[in-house]
Number of protein chains: 2
Amino acid sequence: MKRITIRDVSERAGVSTAAVSYVLNGREGKVSLETVEKVRRAAEELNYIPDYSARSLANNKSKLIGVVIPQTEERKQLLLQNPFYSELVCGIEGRLRQSGYHMILSGVDKGEGYLDTSMQRNLDGAIIMGIYQESFYEDLKKARIPIVLIDSYVNDSQFHVVGIDDELGGYMATKHLIDNGHTNIALVTGLIRKDGVVEKRFLGYKRALKEAGLFYDPDHVFEHSVSYEYGQEAAKAIAAQPGITAVFATSDMVAMGVIKGLRDAGKKVPDDVSVIGFDDIPVARMSTPPLTTIVQNIVERGVTAAERLLSAIVAGDRYQPEERTIMPLSIAERESVRTIG
Amino acid sequence: MKRITIRDVSERAGVSTAAVSYVLNGREGKVSLETVEKVRRAAEELNYIPDYSARSLANNKSKLIGVVIPQTEERKQLLLQNPFYSELVCGIEGRLRQSGYHMILSGVDKGEGYLDTSMQRNLDGAIIMGIYQESFYEDLKKARIPIVLIDSYVNDSQFHVVGIDDELGGYMATKHLIDNGHTNIALVTGLIRKDGVVEKRFLGYKRALKEAGLFYDPDHVFEHSVSYEYGQEAAKAIAAQPGITAVFATSDMVAMGVIKGLRDAGKKVPDDVSVIGFDDIPVARMSTPPLTTIVQNIVERGVTAAERLLSAIVAGDRYQPEERTIMPLSIAERESVRTIG
DNA sequence: TTGTACGCGTTATCAG
DNA sequence: CTGATAACGCGTACAA
């Protein structure tokens, strides 16, 4: 079964390929109503399906968006197991498909750039999650396509950014604990990198402490790359330090580990120690006890990222990235925080 | 910055475009060593990046694989929040990228087919997860590309299938409960569709009961589309039925809900009721208590699916799909099952 | 080794 | 104003 081309359609309709192209692309002003009809019918009858490769070759539009998420270093697998990224991807894909775009989802190997992929595939745009080294972004700019960064504090007018106010989030979480009577609050967090989201949350934590006149104790911050297992480990140390009555974990995944670790160490949550998380991933609600956490609507964020990208694409050159799009934050009070005296 | 084409390279190297193409595609036998060198250097210096659209147009190979996962019906979002699918996708993507392929990940709208996408994008192959209606598969065959089905009992020599022995899994789970002294075992399951994975697990459940001389009570099976919430609901009903000492949930997600529901109803797991799940998604280990479950190595399954697809692609026409690839199953004994009697 | 037709859709140019 | 012709985008592979 040979492929049906635009030529087949044009022959059947008794018109030129140009006419077919016009009709199929909605440039109907250029063509008589009668022709439109004939072309429509012929395309329908032959069940014509355009070849996007040819289209991409002809006009440099691929209707393809690159989406990059971080991957585990050892096994080179996407960090999609992390619900945070999978939710984001859900939001992105749905919105893109709705507008007739497809998504190439991939990780990027350490040391490699993304420019190659972008050029090879003639990507119309890209959404980048995660944090990479400076050179990665520099390289990316050469692609000259609209790019949306998620969770980045990179400050470059070339990029669109969809983020949240992480500092505020950190503040909110800590404040919530303080408001519930806690004065001895540990922080369990991912690696604090300059200008990373985690650093901002950390800053928010310190601001809330300071504002409440509480002492900031560096010994109460536990920092390590984020994982459930690390949460457990940190919890062990926390259980050993009497006096700590609450923990702010800068991601839900870690918070879950903390809860587990605390329980293993014989502490009850929230009776002995309160825990608050960040992100509101689906399992937060399923944890025992259900996790109180800072909620960002992750899926919505994906949708927003896709929308910003799409409008940048249609606007072409004359689109000025706005500073940043900041998504709202709220707090879900569940059962992992207790009010103390 | 204009795009560097093969022509630019050929000029710089002082050879023909054909020679460049040969060199860059490893057909080096067709060309002198000297030419190879010149081309290599020129390509390097100009930082040449091939355009896959052109390549796809010229030889019908896109190096693009379509990956389809189910989506929620209401909001048209990928079911990627389901860790089962995200793990699978991780495995697939990593393996594909390793071989220079990219993955277009998408859902497919209800009523729509996937043939269009497949043709538009000139996909080299596809991996389909989830269950669709007959016509979907019929349609798909017209694409004439290798296709791997995951979790399907569709029996068609046109398709490759990578699955597990679901019946055995259902049997193993139930048998495990029986071996631990349970005789009154409820089943909480997703929709039992003819030839679906859930039906097989259900069959395994019945076989184990029968083999042990236990009575199969239809009132003890709770069937509904799978979700955490449904697990909770079913648990409520189970708690109300005295005598039930164990639950086999046909997916971990549901099992987690069951545990939660049981606890809410004042039952202790596993002291009052034992629970066993299926899949071994990451949260199974994080649940309280940690969930005993049938483990299938999901990521590995994704890798296997990708590998089968890749070999089918390189083999071209002369590749006979094997019957099915069956991945091994085992059981992870954690803390949600208690020995009684 | 090279010249070049080809794959397919787009669009500028030009004729009716 | 409608619509056809043809050049173009880029890489491949056959004929010479």
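Quick note on labels: first sequence line is chain A, next is B, and so on, each numbered from 1.
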Length of the line joining B:Met119:CE and C:dC8:P, which is rounded to integer Å: 10 Å
Per-nucleotide protein contact string for nucleotides 8-16 of chain D, where B marks a base within reach and S marks sugar-phosphate only (heavy atoms under 4.0 Å, - for neither): -BBBSBB--
Donor-acceptor side-chain pairing of B:Thr304 and B:Arg308 below 3.5 angstrom: no
Partner of B:Met327 by side-chain contact (heavy atoms from CB on, under 4.5 Å), out of B:Asn297, B:Ile298, B:Ile164: B:Ile164
Gap separating the CG atom of A:Leu46 from the CD1 atom of A:Ile6, nearest 0.5 angstrom: 12.0 Å
Shortest non-hydrogen contact from B:Ser118 toward B:Ile145: OG-CD1, 3.7 Å
salt_bridge(A:Arg97, A:Glu93) N-O dist < 4.0 Å: yes
Short side-chain to backbone donor-acceptor contact, A:Asp109 and A:Glu112, under 3.5 Å: no
Over all atoms of both residues, closest heavy-atom pair of B:Val108 and B:Gln71: O-NE2, 3.0 Å
Atom-to-atom span, CZ of B:Arg121 to P of C:dC8 - whole angstrom: 17 Å
Atom pair CD1/OH of A:Ile150 and A:Tyr85 - distance to nearest 0.5 Å: 9.5 Å
Nucleotide C:dG9, atom P - distance to CD of A:Glu11 in whole Å: 13 Å
Those residues of residues 31-46 of chain A lying under 4.0 Å from DNA chain C by at least one heavy atom: none
Inter-axis angle, terminal five-pair segments of the helix from C:dT1-D:dA16 to C:dG16-D:dC1 [nearest 10°]: 60°
Geometric cation-pi criterion, B:Arg324 with B:Tyr153: 6.0 Å, 45°: yes
A:Leu310 and A:Arg95, any side-chain heavy atoms less than 4.5 Å apart: yes
